[in-house]
**Q** 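First, the structure itself, so that you have it in front of you.
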Amino acid sequence: MKNIRVRFAPSPTGALHVGGARTALFNFLFAKKYGGRFILRVEDTDLDRNQEHFLTEQLTALKWLGLDWDEGMDKAGEYGPYRQSQRLDVYNQYAQKLLDSGKAYYCFLTDDELAHMKETSQKEGKPFRVKSPYRNWSQEEAKKKQNVKPVIRFKMPETAKNYVVDDVVRGRVEFPSDMIGDFVLIRSNGLPVYNFCCAVDDALMKISHIFRAEEHLPNTLRQLIIFEALGWASPVYGHLSLILSTDKKKLSKREGALSCLEYKEQGHLPSALNNFLALLGWNPKDNQEVFSFSELISKFSEKNLNPAGAVFDENKLKWINAQHIRSMDYKEFWKMLQPLLDRDKINLPFLNNESLKEKSFHSLKSSFSTLKEAVEVFRFLSYDYFKIDDSVKEIFEWSHTKNLIQLWKEELEKVKTEYISLEDFKNIQNSIKTKLNIKGALLFKPLRAVMIGQVEGLELKAIIELIPRETLIQRSNQLLSQMC
RNA sequence: GUUCCCUUCGUCUAGCGGUUAGGACAUCACCCUUUCACGGUGAAGACACGGGUUCGAGUCCCGUAGGGAAUGCCA
């Protein structure tokens, strides 16, 4: 394929949610796969709903996901500007062209009149299609009527015909042109309407392929009509399945849809979110589930996109995230975790020791599936954190607990090194085991309690070498004082 | 109402006329483990329904039902 140019066209009316991210991802993958360009165009023609901070947030989210654009907003390119609010003269120019060729007209219909027309046709049981009384007015006639600001409407031809989209995802889709009436191109405030500026920009920016959500499928008809009227060839379309919430409805913020940055907040890796999102509506046909970002690019094919809606399953996302964490390099892991530790003021004793950093990551990585969970795991290993969980009360009832902790403390005091080695730990365990004649949970629950303040949780062998001896002794004292 | 889209285990999906309908998440069981996890093995679990076409249909066609979208001076 040649001259592949795709775009992601967000409107800054909210956060970048997972559906938008997936659309951006597929466009990105398609561009990278075929050596094309990924363009970011901002569709900010809705003055009432646009907010600049949403735009900033969306760009941050896209960059976090690694979906950086080659051309567009804040990057150079020969088809700019890439913000629709800065291209109003362009839209006016093409609207004028349609006006001049008699394919569009000024319309003075008010909202009330429109509502009335709609009501009437509903009463008659007929589908409502706007057909304005002004559609045959000349531009000169319209100019004389200066008291009302007109909109510019497209003049639908009298005779209906079918428009065909050869959709990459859905195959051939046909729309009868009489399913719509004369639609608005330019609003009375002078700003263009989505279907118009989208078509104009896609043509002018030489967009070759458009992957977008299924909800845009019916819009394609209007865009096709605009392309035809302006004598342009239309791009190739692919309408992606919807992402649904658990109740099978379209995912929306209200129903629990989260923005990408919220997933970041929950401790998901961008590579994992991309991986998971890619599997919603696309599959590699070979049972592979876990993909690195570069594998996603090399294995992606628009032919393997599927048309059915997909439910967003947090469980699977979490599992994929766990897989990505496990395959991380330890340096990369600590780099990502550090800001989260700092935020919670968690001070880990072993972080100045490179080999302990490596060891701790590898021995503990299977006990968390998100960075946030990792924070909770490593919190137990910080100098000053020792919180005795309610569940520990269980072992306070046991007659041997106090002795056990005393013995543990004594054994620790015998050790001369800063940290307890795994071997020392095994010896201490066995010594306690023999002296008190206990094993299993009777041994491990109190030990875990005295080490991390909980009776269940981390593998003790994995953490013993990460907590300084002094800290362990302190914790023993704290637990003992709790018992009294 | 009209137009368009969608429909395989609870969930994501493979399947493109002949399969014991495959994989993954979740669930459950067992194994590993002196505890908890991790891991391993296994079990249970699906072709929305009804008609055709065909020797044969999850697969092709037509209906029905269910879900969704559009029908905006939102995108």
Side-chain angles (χ1 to χ4, degrees), chain A residues 9-14 43-46 48-50 84 107 109-111 114 118 121-122 125-130 149-153 165 167 169-170 173-176 178-181 183-195 197-198 212-222 239 241-242 244 246-250 276 279-290 304 306-320 322 326 363-368 429-430 433 438-448 454-462:
Chain A
S11 53
T13 53
E43 309 216 322
D44 54 348
T45 54
D46 184 348
D48 295 335
R49 296 200 304 150
N50 287 333
Q84 290 186 329
C107 173
L109 243 25
T110 62
D111 286 347
L114 246 13
K118 193 170 183 176
S121 49
Q122 265 172 355
K126 285 190 279 192
F128 174 62
R129 309 279 181 257
V130 176
K149 288 270 183 208
V151 300
I152 300 177
R153 283 184 190 276
V165 189
D167 194 282
V169 183
R170 277 152 225 278
V173 181
E174 232 170 294
F175 298 101
D178 58 2
M179 72 184 267
I180 53 172
F183 55 95
V184 173
L185 265 18
I186 304 279
R187 290 182 263 238
S188 54
N189 67 2
L191 265 66
V193 158
Y194 166 74
N195 280 297
C197 46
C198 181
R212 44 146 67 145
E214 184 191 332
E215 64 208 64
H216 288 293
L217 191 50
N219 286 327
T220 312
L221 173 61
R222 289 180 178 74
H239 288 90
S241 59
L242 258 16
L244 312 170
T246 319
D247 57 2
K248 300 262 187 185
K249 299 268 189 276
K250 186 184 164 192
F276 174 70
L279 258 14
L280 258 29
W282 172 82
N283 76 83
K285 309 268 179 192
D286 65 359
N287 287 343
Q288 185 178 347
E289 305 265 353
V290 181
N304 297 347
N306 84 5
V311 173
F312 190 95
D313 179 8
E314 304 248 351
N315 267 327
K316 189 143 187 183
L317 168 61
K318 215 170 164 185
W319 176 80
I320 287 177
R326 286 173 202 196
S363 54
L364 288 170
K365 65 183 178 185
S366 61
S367 56
F368 43 79
Q429 264 181 62
N430 285 330
K433 192 177 153 187
I438 49 164
K439 62 175 184 177
L442 293 179
L443 171 66
F444 279 91
K445 281 191 172 180
L447 272 183
R448 187 173 279 112
Q454 296 192 164
V455 291
E456 286 182 357
L458 297 173
E459 170 72 73
L460 298 182
K461 282 185 291 216

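Predicted model, so just to flag it, every value in this text is computed and none were measured. To find a chain, count down the sequence lines: A is the first, B the second, and so on, and within it residues start at 1.
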**Q** Identify each atom pair where a protein N or O and an N or O of nucleotides 41-43 of chain B are less than 3.5 Å apart, giving names and distance.
**A**
none

**Q** To the nearest Å, give me how far apart CZ (A:Arg129) and P (B:U3) are.
**A** 9 Å

**Q** What string of B, S and - do you get for nucleotides 13-26 of chain B, 5' to 3', when a contact is any protein heavy atom under 4.0 Å?
**A** SSS------BBBBS

**Q** I'd like the P distance from B:G40 over to B:G45, given in whole Å.
**A** 24 Å

**Q** Is A:Thr45 near enough to B:A75 that one of its side-chain N or O atoms lies under 4.0 angstrom from OP1 or OP2?
**A** yes

**Q** Taking only residues two or more places apart in sequence or in another chain, which ones pass side chain to side chain donor-acceptor pair (under 3.5 Å) with A:Lys461?
**A** none

**Q** Do any N or O atoms of the protein come closer than 3.5 Å to N or O atoms of nucleotides 29-33 of chain B, and which pairs are they?
**A**
none

**Q** Starting from P on B:A70, measure out to NE2 on A:His216 and report it in whole angstrom.
**A** 9 Å

**Q** Between A:Arg212 and A:Cys198, what is the shortest heavy-atom contact and its length?
**A** NH2-SG, 4.1 Å

**Q** Please report the distance, rounded to the nearest Å, between CG in A:Leu217 and P in B:C6.
**A** 8 Å

**Q** Heavy atoms only, 4.0 Å cut-off, all strands: where does A:Phe175 land among base, sugar-phosphate and nothing?
**A** sugar-phosphate

**Q** Does B:U41 pair with anything, Watson-Crick or G-U wobble, both distances under 3.5 Å, and if so, with which nucleotide?
**A** B:A29

**Q** Just checking A:Lys126: base, sugar-phosphate only, or nothing, at a heavy-atom cut-off of under 4.0 Å?
**A** nothing

**Q** Any side-chain heavy-atom pair from A:Tyr194 and A:Arg222 closer than 4.5 angstrom?
**A** no

**Q** State the pairing partner of B:A69; accept Watson-Crick or G-U wobble contacts with both distances under 3.5 Å, and report none otherwise.
**A** B:U3

**Q** Can you name the ring pair (Phe, Tyr, Trp, His ring centres under 6.0 Å) partners of A:Phe444, sequence neighbours left out?
**A** none

**Q** Establish, with yes or no, whether the OP1 or OP2 oxygen of B:A75 is under 4.0 angstrom from a side-chain nitrogen or oxygen of A:Arg187.
**A** yes

**Q** For the C1' atoms, the ones on B:G23 and on B:G56, what distance do you get once it is rounded to whole angstrom?
**A** 27 Å

**Q** For a quick test of reading the model, state the closest non-hydrogen atom pair linking A:Ser363 to A:Ala462 and the distance between them.
**A** OG-O, 3.6 Å

**Q** With sequence neighbours excluded, tell me which residues meet side-chain contact (heavy atoms from CB on, under 4.5 Å) with A:Asp286.
**A** A:Pro284, A:Gln288, A:Lys299

**Q** Is A:Gln122 touching bases, backbone alone, or none of the nucleic acid, heavy atoms closer than 4.0 Å?
**A** nothing

**Q** With rounding to the closest Å, how many angstrom separate the P atoms on B:U11 and B:A46?
**A** 12 Å

**Q** Examine B:G72: is either OP1 or OP2 under 4.0 Å from a nitrogen or oxygen in the side chain of A:Lys118? Give yes or no.
**A** yes

**Q** Given the structure, check if the side chain of A:Ser367 and the base of B:C38 hold any donor-acceptor pair shorter than 3.5 Å.
**A** no

**Q** Using side chain to side chain donor-acceptor pair (under 3.5 Å) as the criterion, list what pairs up with A:Asn283, not counting sequence neighbours.
**A** none

**Q** Expressed in angstrom and rounded to an integer, what is the separation of A:Asn219 atom CG from B:C74 atom C1'?
**A** 10 Å

**Q** Just to verify, what does A:Glu459 make a side chain to side chain donor-acceptor pair (under 3.5 Å) with, not counting sequence neighbours?
**A** none

**Q** Measure from the side-chain heavy atoms of A:Phe128 and tell me the nearest of B:U3, B:C74, B:G72.
**A** B:G72

**Q** What pairs with A:Asp313 under side chain to side chain donor-acceptor pair (under 3.5 Å), at least two apart in sequence or on another chain?
**A** none

**Q** Report the distance from atom NZ of A:Lys445 to atom P of B:C36, rounded to the nearest whole Å.
**A** 8 Å

**Q** Between B:A75, B:C73, B:U34, which one does the side chain of A:Glu43 approach most closely?
**A** B:A75

**Q** Under 4.0 Å, heavy atoms only, any strand: does A:Val151 hit a base, just the sugar-phosphate, or nothing?
**A** base

**Q** What's A:Arg49 touching, base or sugar-phosphate or nothing? Going by heavy atoms closer than 4.0 Å.
**A** base

**Q** With A:Val184, which residues qualify under side-chain contact (heavy atoms from CB on, under 4.5 Å), at least two apart?
**A** A:Val151, A:Arg153, A:Val193

**Q** Using a 4.0 Å heavy-atom cut-off across all strands, classify A:Leu185 as base, sugar-phosphate, or nothing.
**A** nothing

**Q** Could you pull out the closest heavy-atom pair between A:Ser11 and A:Glu43, with the gap in Å?
**A** CB-O, 3.0 Å

**Q** Using ring pair (Phe, Tyr, Trp, His ring centres under 6.0 Å) as the criterion, list what pairs up with A:Phe175, not counting sequence neighbours.
**A** none

**Q** Grab the CG-C1' distance between A:Leu443 and B:U35 for me, whole Å please.
**A** 8 Å

**Q** List for me each residue that meets side-chain contact (heavy atoms from CB on, under 4.5 Å) alongside A:Pro307, sequence neighbours excluded, and say none if there are none.
**A** A:Val169, A:Arg170

**Q** Should B:G56 form a Watson-Crick or G-U wobble pair with both distances under 3.5 Å, which nucleotide is its partner?
**A** none

**Q** Tell me the interatomic distance from A:Phe444, atom CZ, to B:C36, atom P, rounded to whole angstroms.
**A** 10 Å

**Q** Rounded to the Å, how far apart are A:Arg326 CZ and B:C38 P?
**A** 8 Å

